[in-house]
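To start, the structure under review is shown below, and the notes come after it.
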Amino acid sequence: MKESQIKTSEPDEHGHWGKFGGRYVPETLVAPLEELTNEFTRARHDNNFWRELNLLLRDYAGRPTPLFHAQRLSTHAGGAQIYLKREDLLHTGAHKINNALGQALLARRMGKQRVIAETGAGQHGVATATVCALFGLRCVIYMGAEDVRRQSLNVFRMRLLGADVITVDAGTRTLKDAINEALRDWVTNVHDTYYLLGSALGPHPYPLMVRDFQSVIGREAREQILSATGKLPRALIACVGGGSNAIGLFHPFIADEAVRLIGVEAGGCGDSLGKHAARFHSGEKSGGGRVGVLQGTMSYVLQDPNGQIATTHSISAGLDYSAIGPEHAFLHDNGRAEYIRSSDAEALEGFRLCAKLEGIIPALETAHAIMPAIRVARELPRDDAIIVNLSGRGDKDVQLVADLQTR
Amino acid sequence: MSRIGETFASLKRLGRGGFIPFVVAGDPDLATTERLLIELAAAGANIIELGVPFSDPVADGKVIQRASERALRNGVTLRDALSCVSHIKLHIDVPIVLFSYFNPLLQFGEEQLAGKAGVDAVLVTDLIPEEAEWWTQTLLGQGLDPIFLVAPTTSDERLAYIAQQARGFIYAVSRAGVTGARDQMTRDAEALVKRVRAVSDLPVAVGFGISTPEQVRLVWRFADAAVVGSAIVREIETLDNSPDLVKRVGEFARSLVAPAS
């Protein structure tokens, strides 16, 4: 592995970060992926594209988002100052809109009239339905039956926005199955359909493209923290499902070697396979995270010894996924980023604490990063800072948490 | 020449089209799969594709998805599929193509697969030749044919590249989409086969959506073999463990390749 790669974390021209990434797809999808890669490459070097996207991010989505000094959380931790990157304040309530706007512009450039997407918690589905309404595109969202149940508010939002929401009953009935169904739709309707993938996952160019569209988070955060504290933060902390909010925050700091990059996976409700979504935890106890291929990309995948993809569990639909984006696998193996896990119970504790101490109700996904952030801060001096990506707001989860409390 | 090469050479000498049925290993159970393979050979299969069940079959329609789920509920693994093949080798001489998604093969290990397979060829649904060079080399080193898919969306340039990597035959996907029976064959398949012929001398099999004797005969007019998957798997599903399942599937297979009356 080349040193320079670790400092920049750029994939080769076929989307490989070392052995991770690539394009493991049925042949029919090669041509549309190639077409997408070409259009994205052109757009990436087109100032007009970025000008239009930046304008939309500012006037429609509400960027830049604030970097908020969470003083009461910091006092509670009793160590470094905790800053929250407020992606929850964006239009539609999560970082997903950054990517959805970027890709919708691409879809329009490519003349595609029909957009499909998968969604777990519904945040990406809502973001996609929103940009499709904005651009007048037809929109179909695939969502696992289990997620439809636990995120019914978002299902209603998507329908209000004009999207067709298709419930996926196959497999584990969560995000993974929604992606399978979206891929099946795409392979059947390649001629007129744009697949607006929501995380830094899937075949090349998606992991690279989604990361590029989400990197605005880290670019802003870097400027904001420098202006607020005059120095770089000691650590960045973000939850990791597929990994788009985390990679968006991390990427602009990759060359800043002193800044720890900490991803938080869903520890779920136990150590055995099927009870969690912690792909990097392959010890005998938590079993099952090994290098494999799922849904178009090579990465760490939770699986049984025969290569069948394992079921996962997390209290948050958005982290409930068997694989992780390939760039995270790369950053994990070369040691640039660390990955820890946070249980369902810990996420709920973070959820309540953030609400009570800061008046901010985070998404349950995001809430996984709160308690680990407090532990990290506690180990650091008071005049240092860490940044937590407050990737989404928790309105969608209030009902679920209320139900848990009454149980 | 590989056994698959010989099979196509002999079909060509006879001026006949080939018939390649597909079943999923372990659907409805492994013992029945073995009997089905033997019966399909007797019913006129020139090559048989044996599917390895996978939890996330993104290239498959509902029928094969459900077959895969049935097999997985029985705990069927790649190892089971391979032992199935070694058992039936005593009874039939038809070349077997292992049809799988990549992850089960990757976890099994390519050396181990090539060393022990007993199959004649391997087709990996989600492995394109660009990602598969090391893999292809290992298979070739062990005398296994790597079979690759081409699709109506595949450019001429890629067709030429894929043809260079492929051995045995080229599998032309009849249309954009997942596996599953369709009422009508599109013209895409014939156009695709023509484009393949322009860059390769390998035999061409056409699959996806072929479910009737008429469609099989239509494919034979322009391609070397017809693959029938979902239609056979649907028969297996419909017969639902009936005692004469194997016989009835055999009858269905015979009906597919019977001369037009």
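Listed options Thr154(B), Asp56(B), Ile162(B) were ranked by heavy-atom pairs under 4.5 angstrom with chain A; first place goes to Asp56(B). Residue with the most contacts toward chain A among Pro129(B), Pro57(B), Ala59(B): Pro57(B) (heavy-atom pairs, distance under 4.5 Å). Between chain A and the residues Asn103(B), Thr77(B), Val124(B), the largest count of heavy-atom pairs under 4.5 Å involves Asn103(B).
Neither the backbone nor the side chain of Leu105(B) comes within contact range of chain A, judged by heavy atoms closer than 4.5 Å. Heavy-atom distances place the backbone of Pro53(B), and not its side chain, under 4.5 Å from chain A. Using a 4.5 Å cut-off between heavy atoms, Val291(A) contacts chain B through its backbone alone, with no side-chain atom that close. Heavy atoms of Leu78(B) lying under 4.5 Å from chain A are absent altogether. With a threshold of 4.5 angstrom between heavy atoms, Leu294(A) approaches chain B through side-chain atoms but not through N, CA, C or O. For Glu181(A), the part lying near chain B is the side chain, with the backbone staying farther off; criterion is any non-hydrogen pair under 4.5 Å. Of the two parts of Phe54(B), the backbone and the side chain both hold a non-hydrogen atom closer than 4.5 Å to a non-hydrogen atom of chain A. With a 4.5 Å cut-off on non-hydrogen atoms, Ser155(B) does not touch chain A at all.
Considering all non-hydrogen atoms of both residues, Gln308(A) and Ser55(B) come closest at OE1-N, 2.8 Å. Closest non-hydrogen pair, Gln107(B) versus Pro305(A), comes out as CB-O, 4.3 Å. Closest approach of Ile128(B) and Val25(A) over heavy atoms only: CG2-O, 3.4 Å.
Remark: Thr128(A) pairs with His124(A) by the side-chain hydrogen bond (donor to acceptor under 3.5 Å, both in side chains) rule, at least two apart or across chains.
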Test side-chain contact (heavy atoms from CB on, under 4.5 Å) on Glu27(A) and Val173(B) and set out the steps. CA-CA 9 Å; Glu27(A) 174 61 28; Val173(B) 172; 6.0 Å; no
Please lay out, stage by stage, how Gln65(B) and Asn180(A) fare under the test side-chain contact (heavy atoms from CB on, under 4.5 Å). CA-CA 11 Å; Gln65(B) 285 177 45; Asn180(A) 285 341; over 6 Å; no
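Applying the 6.0 Å contact sphere to CZ of Arg187(B) captures no more than 12 heavy atoms from other residues, nucleotides or ligands. Within a 6.0 Å sphere centred on CZ of Arg138(A), other residues, nucleotides and ligands contribute 12 heavy atoms or fewer.
In this structure a side-chain-to-backbone donor-acceptor pair under 3.5 Å is present from Thr153(B) to Thr28(A). Within the 3.5 Å criterion, the main-chain N or O of Arg23(A) finds a donor-acceptor partner in the side chain of Glu131(B).
Using a 4.5 Å heavy-atom cut-off against chain B, the contacting residues of residues 190-206 of chain A are Val190(A).
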